[in-house]
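What follows is one structure encoded as structure tokens, with my remarks underneath.
Every chain is numbered from 1 and lettered A, B, ... according to where its sequence line falls, protein lines coming before strand lines. Model, not experiment: these values are computed from the prediction.
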Protein chains: 2
Amino acid sequence: MTVTLADVAARARVSPATVSRVLNGNYPVAASTRERVLRAVDDLDYVLNGPASSLAAATSDLVGILVNDIADPFFGIMAGAAQTQIGGPGDGSGRAGGEKLAVICNTGGSPERELTYLTLLQRQRAAAVVLTGGAVENEAHQAAISAKLARLADAGTRIVFCGRPPLSDGNALVAALAFDNRGGGRRLTEHLVALGHRRIGYVAGPPERTTTRHRLEGHREALRGAGIEAGPGDPGAGDEERLTVHGPYDRRSGYEATLEILRRAPDVTAIAAANDTVALGACAAVRDRGLRIPQDISVAGFDDLPFSVDAVPALTTVRLPLFEAGARAGRIAMGKENPPPGGIATIAAELMIRGSTAPPRAV
Amino acid sequence: MTVTLADVAARARVSPATVSRVLNGNYPVAASTRERVLRAVDDLDYVLNGPASSLAAATSDLVGILVNDIADPFFGIMAGAAQTQIGGPGDGSGRAGGEKLAVICNTGGSPERELTYLTLLQRQRAAAVVLTGGAVENEAHQAAISAKLARLADAGTRIVFCGRPPLSDGNALVAALAFDNRGGGRRLTEHLVALGHRRIGYVAGPPERTTTRHRLEGHREALRGAGIEAGPGDPGAGDEERLTVHGPYDRRSGYEATLEILRRAPDVTAIAAANDTVALGACAAVRDRGLRIPQDISVAGFDDLPFSVDAVPALTTVRLPLFEAGARAGRIAMGKENPPPGGIATIAAELMIRGSTAPPRAV
DNA sequence: CTGTTAGCGCGTTCAC
DNA sequence: GTGAACGCGCTAACAG
């Protein structure tokens, strides 16, 4: 029923091995023979049997890209960029030569699903795996992931982190491209402080995520640097806790967290959000409370997603080179580019000052 | 080096066949034996060899989801929703039983890459393929896609369209979930007309996309219905052409197209955009020209992506149930739900009236 | 440069 | 309920 390599070989009057060789292109074959084979392939509409090929060669052309939430452009941009480097441009014939199959797997932020996907990719003997975005900070889970990655690496799967900090256990098999979330968070809050803000609300992400923690740490660093954050026992101690509200990385959470902050501390003059999506929700909450941005309250985000520049007023935020990072991760996964020295690169974050932040109202 | 079924069998003191049977669970096995086998699996950290398994069984657990642009939440939402139905919740062990591997493939809107991905999926003997979003209206390409899908279906791959119109050649092997883009476009423009608008600019998508065409057709239908669009020869004929500008589905294109429309026809009182992302660019352009929304110019979008409600003013748009449609497509692909009667279902679009549209200024 | 020969690891008949 | 044997379709040594 289905046409096999042998059928092609018969039609081209060559041996199966020769057909395999022209298809994989890794071996010298006479031009005339190759011609004949290719014609037979087209005539018969032959498509390689992937599983058989993978079994025999002990490798597959599958590359997995894991993301927390594919509906979030933060991940979509990185994953799409990685795919451009992996999938290859195609040759327009749809014949698909030595192309890799770059596929995106959506974990929904669940550690279990992340592990399941890794197992599935391991089962497929994936050529490489790219893990994007913040990790969940749970020791058991981290250990499980690390162990799983070690086995994958062992089996020849290349592992790349993108926008994700290196494993805490120093697993050296992994190349990591980490964003400077802490530095970005710090510079953002320094900017707010420089404008004159002293009471700054912070809408944080889910508490167990590395991204959340690093951005928040940067924020606090800046407060401490400005002498704003009080130590325990000082008057005003605990303020920083009161002004920080955690929640998922979505619009609604930003909306509600901001209302909560405004309730707890009506005198805040600025809100920093853990990412742009959340910041949008924060803006809505601020406006619904009848306050103007930035005259009454400044709002800032993080990531610089495409829509942020179109917010009204345009969102002050921290730009992460998502596309570039994704593309680079893709190239490393393909072996087209060397991993960074030491296996770890920190990618700079750039402060983008726009209209949503301004000096606080004179009191 | 790598542990195989035989190793597990040896450790459990059973035959390889028995191990295979407990792993696939489709065969009666004594409880005590199964117990022993599973323990051996865990002890040895055994992971099934996917390619070998697929080769022997002539099926694979791969399900492909094709999208035009994964950085666009329009696709991210649908693809993520489909994956929730396909990937299964996992059992928390990371062991991965009979799970399918749902993977997203980003075509970047290129017909060639679409074809290449289909070939790659065919090569992997994918269990199902979900194609999302508008198709490219090129006869040669349509035919190629249709032929390819026919072969896939032939090989037992289930095919589902999601937010994509059925094949024009009536390929009946495909279940199609189509959005009512035409009806949505019509109702949106009817809304503008009802507000009193007569000169309405239209920022269309790429001309070769079905989505673009259907939405535009709906728009024109509404104009004609209101007696606004003139026939050829009438005074004002060609206006509708002059007021329509095509471009990619991105923010920048919306910005530039809007500037162009404003240049061509400074008297337009409303701009309808082909989608929300484009509408955001349109809003920016309108504002940069010193015009207010909606007092001077109304702006409307399409899709009702999550950020649209947070635009200022909130965007009037047409809601498409992206998540629900994606999930349903996923279920059909898994065989958990029957295809719609006749293989085709049209999914309704709902007009969402918000602050960005209002009656035109009295002249 | 090309053909021949052996498996790759598992699912699936068959027997028992 | 379990084991033995065969073959899925292809690649990777070898020869030649």
Polar side chain donor-acceptor pair, Gln124(A) to Asp61(B), under 3.5 angstrom
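Yes, because at least one side-chain N or O of Gln124(A) sits under 3.5 Å from a partner of the opposite role on Asp61(B).
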
Verify the distance criterion only: is there a donor paired with an acceptor across the side chains of Thr119(A) and Thr116(A) at less than 3.5 Å?
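Side-chain D/A pair, Thr119(A) to Thr116(A): absent.
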
Looking for any heavy atom pair under 4.0 Å, which part of the strands does [X] touch: base, sugar-phosphate only, or nothing?
X	value
Val14(B)	sugar-phosphate
Ser54(B)	nothing
Leu55(A)	base

Between [options], which nucleotide gets closest to the side-chain atoms of [X]?
X	options	value
Thr4(B)	dG9(C), dT13(C), dC1(C)	dG9(C)
Ala30(B)	dG9(D), dG1(D), dC8(D)	dG1(D)
Ala56(B)	dG11(C), dT11(D), dG9(D)	dG11(C)
Val29(A)	dT2(C), dC10(C), dT11(D)	dT2(C)
Leu5(B)	dG3(C), dT2(D), dC10(C)	dC10(C)
Ser15(B)	dG3(D), dT11(D), dC10(C)	dG3(D)
Ser53(A)	dT4(C), dT11(D), dG9(D)	dT11(D)

Starting from [atom2] on [N], measure out to [atom1] on [X] and report it in whole angstrom.
X	N	atom1	atom2	result
Arg13(A)	dG3(C)	CZ	P	11 Å
Leu23(A)	dT11(D)	CG	P	7 Å
Gln124(B)	dG9(D)	CD	C1'	14 Å
Arg36(B)	dT2(D)	CZ	P	8 Å
Asn26(B)	dC10(C)	CG	P	16 Å
Asp7(B)	dG9(C)	CG	C1'	11 Å
Arg21(B)	dT13(C)	CZ	C1'	10 Å
Asn49(B)	dT11(D)	CG	P	15 Å

Give me the one residue out of Leu101(B), Val103(B), Val63(B) that meets side-chain contact (heavy atoms from CB on, under 4.5 Å) with Ile86(B).
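Looking at Leu101(B), Val103(B), Val63(B), the match for Ile86(B) under the side-chain contact (heavy atoms from CB on, under 4.5 Å) is Val63(B).
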
Pick one: which of Val8(B), Thr33(B), Val37(B), Val41(B) meets side-chain contact (heavy atoms from CB on, under 4.5 Å) with Val22(B)?
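Single pass found, and it is Val37(B).
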
Derivation of the side chain to side chain contact (heavy atoms under 4.5 Å, CB included) call for Glu114(A) and Leu66(A)
CA-CA 8 Å; Glu114(A) 182 169 74; Leu66(A) 266 58; 4.0 Å; yes

Would you say Ser20(B) reaches dC10(C)'s phosphate, i.e. side-chain N/O to OP1/OP2 under 4.0 Å?
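For Ser20(B), the contact criterion (side-chain N or O under 4.0 Å from OP1 or OP2 of dC10(C)) is not met.
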
Given dT2(C), is OP1 or OP2 found less than 4.0 Å from the side-chain N or O atoms of Thr33(A)?
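Affirmative; the distance criterion is met.
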
Closer to the 5' end of DNA chain D via nearest nucleotide, is it Ala57(B) or Asn24(A)?
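Nearest-nucleotide comparison on DNA chain D picks Ala57(B).
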
Flag, side chain of Ser54(B) to backbone of Gly50(B), donor-acceptor distance under 3.5 Å:
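Yes, because the side chain of Ser54(B) sits within donor-acceptor range (under 3.5 Å) of the backbone of Gly50(B).
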
